[in-house]
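Take a look at the structure set out below.
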Amino acid sequence: MDLDESPLNQQTSSVELDERHYRALISASATFVWRCSSQGALTDVDRSWLELVGLKMDQARDLGWLSAVHPHDRDDYHREWIEALREGQPFEREYRLLCADGEVRWFLDRAIPIRQDDGQLVEWIGIGQEITAHKQAERDLERQRERYRTLVESTMAILWEGDPDTFQFTFVSGESQTLLGYTPQRWTQERDFWINHIHPEDRDWAPNFCAVATREGRQHTFDYRIIAADGSIVWLRDVVSVILDNGRPSKLVGVMIDITESKEAEQEARRLADRLYTTLESITDAFFTVDPDWRFTYVNGEAERLLQRCRADLLDKVLWEEIDGITETPIEQGIRRAAREHATVTLEEFYAPGEFWLEIHIYPSDEGLAVYFRDVSDRKRAEADVQFLALYDPLTQLPNRRLATDRLQHALASSHERGTFGAVAFLDVDDFKTLNDTLGHPTGDELLQKIASRLSEQTPESATVARFGGDEFLTVLPDLDSDFERAGTKAHTYGKEILDALNRPYRLNEHNHYATVSIGVTTFGEEHADTVHDILQRADLAMYRAKDEGRSSVRLFEPNMRVALSRRVALETELRQAIDRDEIVPYFQPLVDHAGTIIGAEALARWKSPLRGVVSPGEFIPVAEQTGMILPLGQAMLWQTCRQIAAWSCRDTFRSVERISVNISAHQFHQRDFVDQVRQALQECRADPGRLRLELTESFLLQDFEGTITKMNTLKTEGVTFSLDDFGTGYSSLAYLKRLPLDQIKIDQGFVRELRAGSHDAAIVEAIVLLANNLDLEVVAEGVENESIRDLLSAYGCHRHQGYWYSPPLPLDEFETYVTGVNATT
Ligand code: C2E
Ligand code: CA
Ligand code: CA
């Protein structure tokens, strides 16, 4: 490489400096003159030379002087000198001289042939001049050049030099070949090589940018893409210096560095960030993140909306200082716990400043915490509504039958635990139906409210007063006494007291009315095997005895009242035989959607008894439950349902009937091998599991909740689906409902059968539909008995119906005819 081509031209000045230095030196260095014969033998030389090399004239004479020439140069010098002699031409030679002081010095010898007028060569005259300093400078320069060359060629960057006006390159380093596949020559020789190879998207701005900066004499750096020889895109960072001459740009020198990798990483990072941002912004949940110092690092749009704060104000600020209303609440505790224990925390809390309920999920990470939350007030309200409506009687505000039964269950357990006796009083208003019919429902309602409040006044705080049914009330008196007899007496006394209180006249519509009640009382706690069912039955029997005895009286239960129960015993024996004889058969009731399509059916057990005719499950299922016969009975129903699924799946007419449901009793479900029983039935009947739906009731959840979830999940993986039956009648389940892998809830027919717009039932149905939507569950109403109920349900958003209005449960052949008929017309 020629020095003139070096891009590092500031170095040129130091070379010039060396030249000047050299000239100064030369004037101070040794010069001598010598003479040779025409044949080239030294004849005379300056004394100073002889002293310099330490030779005598005799020794230097002829070719003796050659001994002073450095051995490396000696032979060549000799050869060239002989040649010059032969040709008779002027001679010039650089060489090293061995000096007497031990130094080696560089000299330049020049010899000129001296001729006579006739051209005859007579002798040679020579001048020797020391050039050591010059040689040194030359060597330094060469070394420096070498250094630049390796620097330029080994740098993993393209060094270049170019014209500031035309952008034509005057030099491009060899790295261009390695990096882009273009030889340096192409850059310097082809016109507009650079611009033509810039990526089309950068071609407009990049040269422009460079031109503007050059004009202003600014050093500049810019990133752009070049299309390499193999077609690939290479990102370059170009750092350009503008060399000025008299204030005008005279030259550009620059370095291009390959930044493709970091650009790609940067772009990938930006793409990821963009995607993350879009995701976080589009999720409907509110979301923010905080770093380990509780400072906000991210806040999404929904979080801005719920917190009523703008994200720009929150970012980098400390959570506890910015969000008020959470300090010292379970929300703060939850967030701190997630951070401390590095554990996921889920909360449902009321957020006072916003006056709504939040469901909050807190996830810890190395960068701090991610907090997702959303307003679940609708669901909470629906839950609370359903809970209240399900547990309390809205007319009297008293606990309803379900809550009363639950309280009785607890009282019974407490009696057994403490060895005390409690009692229940069962009240029925005498001739309430007549009063209701003659004075009208509003007056009837008012009377019930007045009875309720008198009853509550007469009853101790620790007791429960409940509205048990239309005109029935129940009071539960726990822990009356530790002595059985005394407890009985106290209970009887209490019965008389309330009888007196309730028999006093009632002021209704500014008139005095008289109403009487009949009361049955029974104690509990004496027998361990005692059940709520038994206790209620005893109280009921005692109450009927009181009625039989002329009303307005109190009766304490006596064992002989049990005789009536013997009828049930007979039923039990018969039922056992019925199961063995396959007298239990399924009837099918259609499940219809808003378009009238039959989308499913429920298998309902019937007992075809040769003695009793067709017995309804209301009579035999409770007996089967109490005696354990529900297990073989349930199995029989499951198998017959599976068999029917298999049979119908080959028939076109039944294609719309997506699922057949069958009722599963808690006892049956909680058997250890229940999952296998279902699998076996499905396999052996070759039934599609996706068409089997199991109907469970909330009573299931009272027992082994986690185990229930596991079993349900196992069956779900096989395709089986689940429905929660009689929804709205239970209460313990609401908190758990969202954890159950359910597909459907069936609104209990008790809320549906007499559905009227604006009624209490309507409120429940609406709340249930809201809850179901919230939990993403299908909702079905049972007990649809007429068109107006169907229309009301549809208006509330419940579009799947089951009920007499469509069809009662039908025996197999009639059901098949029914489906064929409906599907032929739709
Ligand atoms: P469920 O599961 O709630 O079944 C619905 C009941 O409502 C059926 O009574 C059905 O005939 C009745 N129903 C349907 N539409 C209407 C209507 O529009 N109005 C009225 N008033 N009632 C309607 P069914 O067949 O008497 O069954 C009563 C209960 O017996 C069932 O209630 C279920 O809890 C139980 N059950 C029936 N079959 C089985 C079974 O195979 N296994 C178990 N464990 N329980 C069963
Ligand atoms: Ca059912
Ligand atoms: Ca039901």
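Model, not experiment: these values are computed from the prediction. Counting starts at 1 for both ligands and their atoms, following the listed order. Reckoned from all heavy atoms, side chains included, excluding hydrogens, waters and symmetry mates.
Between Phe524 and Arg538, the closest side-chain pair of non-hydrogen atoms falls below 4.5 Å.
For ligand 1 and Glu782, the ligand atoms under 4.0 Å from any heavy atom of the residue are 3 (O), 5 (C). Near Ser665, meaning under 4.0 Å from one of its heavy atoms, ligand 1 places the atoms 44 (N). Every atom of ligand 1 with a heavy atom of Ile630 under 4.0 Å away is listed here by number and element: 44 (N). Remark: ligand 1 atoms within the under-4.0 Å shell around heavy atoms of Glu602 are 2 (O), 4 (O). Atom numbering of ligand 1 starts at 1 in the shown order; those under 4.0 Å from a heavy atom of Val784 are 18 (O). Distances below 4.0 Å separate heavy atoms of Gly803 from the following atoms of ligand 1: 15 (N), 18 (O).
Backbone and side-chain nitrogen or oxygen atoms of Asp726 are examined, and one is located within less than 3.5 angstrom of a nitrogen or oxygen of ligand 1. Considering backbone and side-chain N/O of Asp725, one or more are found under 3.5 Å from N/O of ligand 1. In terms of polar-atom proximity, defined here as any N/O pair under 3.5 Å, Asn663 does make such a contact with ligand 1. Residue-to-ligand polar distances place Glu785 within reach of ligand 1: an N/O pair is separated by less than 3.5 Å.
A distance below 6.0 Å separates the ring centres of Phe468 and Phe426.
Of the heavy atoms in Gln589, only side-chain atoms (C-beta onward) come closer than 4.0 Å to ligand 1. Looking at Arg606 against ligand 1, only its side chain comes within 4.0 Å, counting heavy atoms. The part of Ile621 lying near ligand 1 is the side chain, judged by heavy-atom distances below 4.0 Å. Neither the backbone nor the side chain of Asp748 has any atom closer than 4.0 Å to an atom of ligand 1 (non-hydrogen atoms only).
Taking backbone and side-chain atoms together, Asn663 has an N/O/S atom less than 3.0 Å away from the Ca ion (ligand 2). The nearest N, O or S atom of Asp725 is closer to the Ca ion (ligand 2) than 3.0 Å. Between the Ca ion (ligand 2) and Glu602 there is an N/O/S contact shorter than 3.0 Å.
Taking the charged nitrogens against the carboxylate oxygens, Asp673 and Arg679 have no contact shorter than 4.0 Å, which rules out a salt bridge. Between Asp743 and Lys716, at least one side-chain nitrogen of the basic residue sits less than 4.0 Å from a carboxylate oxygen of the acidic one, meeting the salt-bridge criterion. Contact check on Arg651 versus Glu816 returns a salt bridge, with a Lys/Arg side-chain nitrogen under 4.0 Å from an Asp/Glu carboxylate oxygen. Of the charged side-chain nitrogens involved, at least one lies within less than 4.0 Å of a carboxylate oxygen, so that Glu359 and Arg379 count as a salt-bridged pair. Salt bridge status for Arg693 with Glu658: absent, with no side-chain N to carboxylate O gap under 4.0 Å. Between Glu583 and Arg606 there is no salt bridge, since none of the side-chain N atoms of the basic residue sits less than 4.0 Å from a carboxylate O of the acidic one. Here Arg467 does not pair with Glu472 in a salt bridge; the nearest charged N to carboxylate O distance is not below 4.0 Å.
Restricting Glu695 to its N/O/S atoms, the shortest distance to the Ca ion (ligand 2) is reached by OE1. Glu782 has its closest N, O or S atom to the Ca ion (ligand 3) at the position named OE2. When distances from the Ca ion (ligand 3) to the N, O or S atoms of Asp726 are compared, OD1 comes out shortest.
Judged by the 6.0 Å distance and 45° axis criteria, Lys711 is not positioned over the aromatic ring of Phe674.
In this structure, the protein non-hydrogen atom closest to atom 41 (O) of ligand 1 is Met637 CG, 3.2 Å. Atom 4 (O) of ligand 1 has Leu604 CD2, 3.4 Å as its closest protein atom, hydrogens excluded (heavy atom only). Considering only non-hydrogen protein atoms, atom 6 (C) of ligand 1 sits nearest to Gln749 NE2, 3.3 Å. Of all protein heavy atoms, the one lying nearest to atom 11 (O) of ligand 1 is Pro809 CG, 3.1 Å.
Using 4.0 Å as the threshold, Glu625 has no heavy atom nearer than that to any atom of ligand 1. Not a single heavy atom of Gly634 sits less than 4.0 Å from an atom of ligand 1.
Evaluated by nearest non-hydrogen atom to atom 29 (C) of ligand 1, the leading choice among Pro617, Gly750, Ala605, Pro590 is Pro617.
Distance check for atom 19 (N) of ligand 1: a protein heavy atom is found below 4.0 Å. Of the protein's heavy atoms, none falls inside 4.0 Å of atom 9 (O) of ligand 1.
A donor and an acceptor atom, one from each side chain of Thr531 and Asp534, are located under 3.5 Å apart. A donor and an acceptor atom, one from each side chain of Asp761 and Ser759, are nowhere located under 3.5 Å apart. Using modelled atom types, one finds a donor on one side chain and an acceptor on the other under 3.5 Å when comparing Asn663 with Glu602. Side-chain atoms of Asp791 and Ser794 include no donor-acceptor pair closer than 3.5 Å. No side-chain donor-acceptor contact under 3.5 Å links Trp805 and Glu785.
Between Phe654 and Phe815, the ring planes are tilted. Angles from 30° to 60° get that label.
Of all the heavy atoms in Ser723 and Lys746, the pair that sits closest is OG-CG, 3.4 Å.
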